[in-house]
There are 2 protein chains.
Amino acid sequence: MKKITIGEAARKSGVKVPTIRYYEGIGLLREPSRSDGNQRSYEQSDLNRLTFIRHARELGFEVEAIRALLSLQDNPLQSCASADAIAKARLIEVEQRIRSLMALKAELEMMVEGCGHGRVDQCRVIEVLADHAQCTHHGH
Amino acid sequence: MKKITIGEAARKSGVKVPTIRYYEGIGLLREPSRSDGNQRSYEQSDLNRLTFIRHARELGFEVEAIRALLSLQDNPLQSCASADAIAKARLIEVEQRIRSLMALKAELEMMVEGCGHGRVDQCRVIEVLADHAQCTHHGH
DNA sequence: TCTTGCACCTCTAGTCACTAGAGGATGTAG
DNA sequence: CTACATCCTCTAGTGACTAGAGGTGCAAGA
């Protein structure tokens, strides 16, 4: 098998070079073999793992969740209930986050629409921030 | 005017005690006067400012944006165009974030629905993460 | 063969917005 | 006067990287 440098691994996986080293440091990625000159040498399986990690990070999974998902992937015969639970928990987080962002969006829109582009002392943006009572959304 | 301790300020503003000290350290909040025993003593105007900051943080404004908004609030005669611009920028960020979270939600739903609760090697959660090509949303 | 120049190495420190904890001083109620 | 909560300063830790210093490896052109 041909050797893959860290730079090549970065290009192919979409994970930056220092981030790959960081993942190795925290134990998400195994320590790869080294060249005579002490340079890291990766295999295809490492690229797959890096892609898995990148994708999971893009979906907002935390490193500890990814660590759990990876250990599941390493033991393909066991039940996938844990993986399902992790994904479900993340789904609930995402739904919650969307709801709260929608509320913020409404509030920001009111601020921006209310701004008469005059002086600060008549500005709705500043006013709403200064006086929480004016919020439409009181959940926060 | 009666003296307000940092703990009271925290209760009334909803900003935690160490966070108030932190805001003072980074210059968001003025250094308050001190009691004989060197304890911070706040006034109503400090509470207003803290509430402003808390509210802005809840709306997701970064500290630097809040610093700008506060300096606008301190000069109420100038044009509110900057405040408007800051709020608009934040609105665009929020809208973008909502769009991307909706895509993630769809992807997570597919993963969770596809999970047959069997073994990991048939688990759609793991499979989708491992093979990005299966994503419905290719933007990331 | 030499040299240029990029990619690689390790290590430390910085980012953001706090949060936690140590170790000690102050203030207040009983 | 004694508890005891609250306050003080200072340092270090969080998550997930990112930036930079200072040095080594390696492949290609002269």
Side-chain angles (χ1 to χ4, degrees), chain A residues 2-29 31-42 46 49-70 86 89-90 93 97 104 140, chain B residues 2-29 31-42 46 49-70 86 89-90 93 97 104 140:
Chain A
K2 69 173 166 46
K3 57 188 175 180
I4 302 171
T5 68
I6 196 169
E8 230 177 309
R11 270 189 302 283
K12 288 188 176 158
S13 68
V15 179
K16 288 183 199 149
V17 169
T19 307
I20 294 176
R21 287 196 278 252
Y22 169 74
Y23 286 158
E24 183 186 322
I26 62 170
L28 270 198
L29 205 63
E31 294 184 22
S33 56
R34 300 284 185 132
S35 74
D36 291 349
N38 197 36
Q39 302 201 348
R40 287 170 180 81
S41 178
Y42 292 98
D46 298 309
R49 202 167 172 96
L50 273 173
T51 304
F52 185 106
I53 295 170
R54 180 177 62 83
H55 194 188
R57 285 293 299 135
E58 280 167 352
L59 288 171
F61 289 97
E62 291 176 5
V63 164
E64 286 318 303
I66 296 175
R67 202 189 293 280
L69 289 168
L70 282 168
I86 292 169
R90 177 70 193 136
E93 271 171 44
R97 189 89 186 106
L104 299 187
H140 60 260
Chain B
K2 68 174 166 48
K3 57 189 175 178
I4 302 171
T5 68
I6 196 170
E8 229 177 309
R11 269 189 302 281
K12 287 188 175 156
S13 68
V15 178
K16 287 182 199 151
V17 168
T19 306
I20 294 176
R21 287 197 278 252
Y22 168 75
Y23 286 158
E24 181 185 324
I26 62 170
L28 271 198
L29 205 63
E31 294 185 23
S33 55
R34 301 283 186 134
S35 73
D36 292 349
N38 197 34
Q39 303 202 349
R40 288 170 180 80
S41 177
Y42 294 98
D46 298 308
R49 202 170 172 95
L50 273 173
T51 304
F52 185 106
I53 295 170
R54 181 178 61 82
H55 194 188
R57 286 292 300 134
E58 279 167 353
L59 287 171
F61 288 96
E62 291 177 4
V63 164
E64 285 318 302
I66 295 174
R67 202 188 294 281
L69 290 168
L70 281 168
I86 292 169
R90 177 70 193 136
E93 271 171 44
R97 189 89 188 108
L104 299 187
H140 59 261

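On a predicted model such as this, the values are computed, not experimentally measured, just so you know. So you know, we letter chains A, B, ... as the sequences are listed, proteins then strands, and number each from 1.
The distance from atom CD1 of B:I26 to atom P of C:dC18 is 7 Å, rounded to the nearest whole Å. If you take NZ of A:K16 and P of C:dT15, they are 17 Å apart, rounded to a whole angstrom. What separates CD1 of B:I66 from C1' of C:dC16 is a distance of 12 Å, to the nearest Å. Whole-Å rounding puts the B:Q39 CD to C:dT26 P distance at 8 Å. Atom CD1 in A:I4 sits about 18 Å away from atom P in C:dA7, given to the nearest Å.
The heavy-atom pair separating A:A65 from A:I86 by the smallest distance is CB-CG2, 4.0 Å. Counting all heavy atoms, side chain and backbone alike, A:V15 lies closest to A:L50 at CG2-O, 3.9 Å.
Residue contacts for B:Y23: at a heavy-atom cut-off of 4.0 Å it reaches the sugar-phosphate backbone alone, with no base atom in range.
Toward the 5' end of DNA chain D, the nearer of the two residues A:Y22 and B:N38, judged by each one's closest nucleotide, is B:N38. The residue among A:R34 and B:P18 whose nearest nucleotide of DNA chain C lies closer to the 5′ end is A:R34. Nearest-nucleotide positions on DNA chain C for B:D36 and B:R57 put B:R57 closer to the 5' end.
At most 12 heavy atoms of other shown residues, nucleotides or ligands fall within 6.0 angstrom of atom CZ in B:R97. For CD of A:E93, the number of neighbouring non-hydrogen atoms (other residues, nucleotides, ligands) closer than 6.0 Å is greater than 12.
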Criterion salt bridge (Lys or Arg N to Asp or Glu O under 4.0 Å) on B:R21 and B:E24, from CA distance to verdict:
CA-CA 5 Å; B:R21 287 197 278 252; B:E24 181 185 324; over 6 Å; no

Evaluate salt bridge (Lys or Arg N to Asp or Glu O under 4.0 Å) for A:R11 paired with A:E8, printing each intermediate quantity in order.
CA-CA 5 Å; A:R11 270 189 302 283; A:E8 230 177 309; 5.2 Å; no

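Contact between the side-chain N/O atoms of B:R21 and the OP1/OP2 oxygens of C:dT19 is not found at any separation under 4.0 Å. Taking only side-chain nitrogens and oxygens, B:T19 never comes nearer than 4.0 Å to OP1 or OP2 of C:dA17.
Looking at heavy atoms from C-beta onward, B:F52 lies in side-chain contact with B:L69 at the 4.5 angstrom threshold. A:S41 has its side chain out of reach of A:P32: every pair of non-hydrogen atoms, C-beta onward, lies at least 4.5 Å apart.
Close approach of DNA chain D to chain A, defined as any atom under 4.0 Å from a non-hydrogen atom of the protein, starts and stops at D:dA16 to D:dC26.
The stretch residues 5-13 of chain B does not touch DNA chain C, since none of its heavy atoms comes less than 4.0 Å from the strand.
Of the possible donor and acceptor atoms, one in the side chain of B:R57 sits under 3.5 Å from a partner among the backbone N and O of B:F61.
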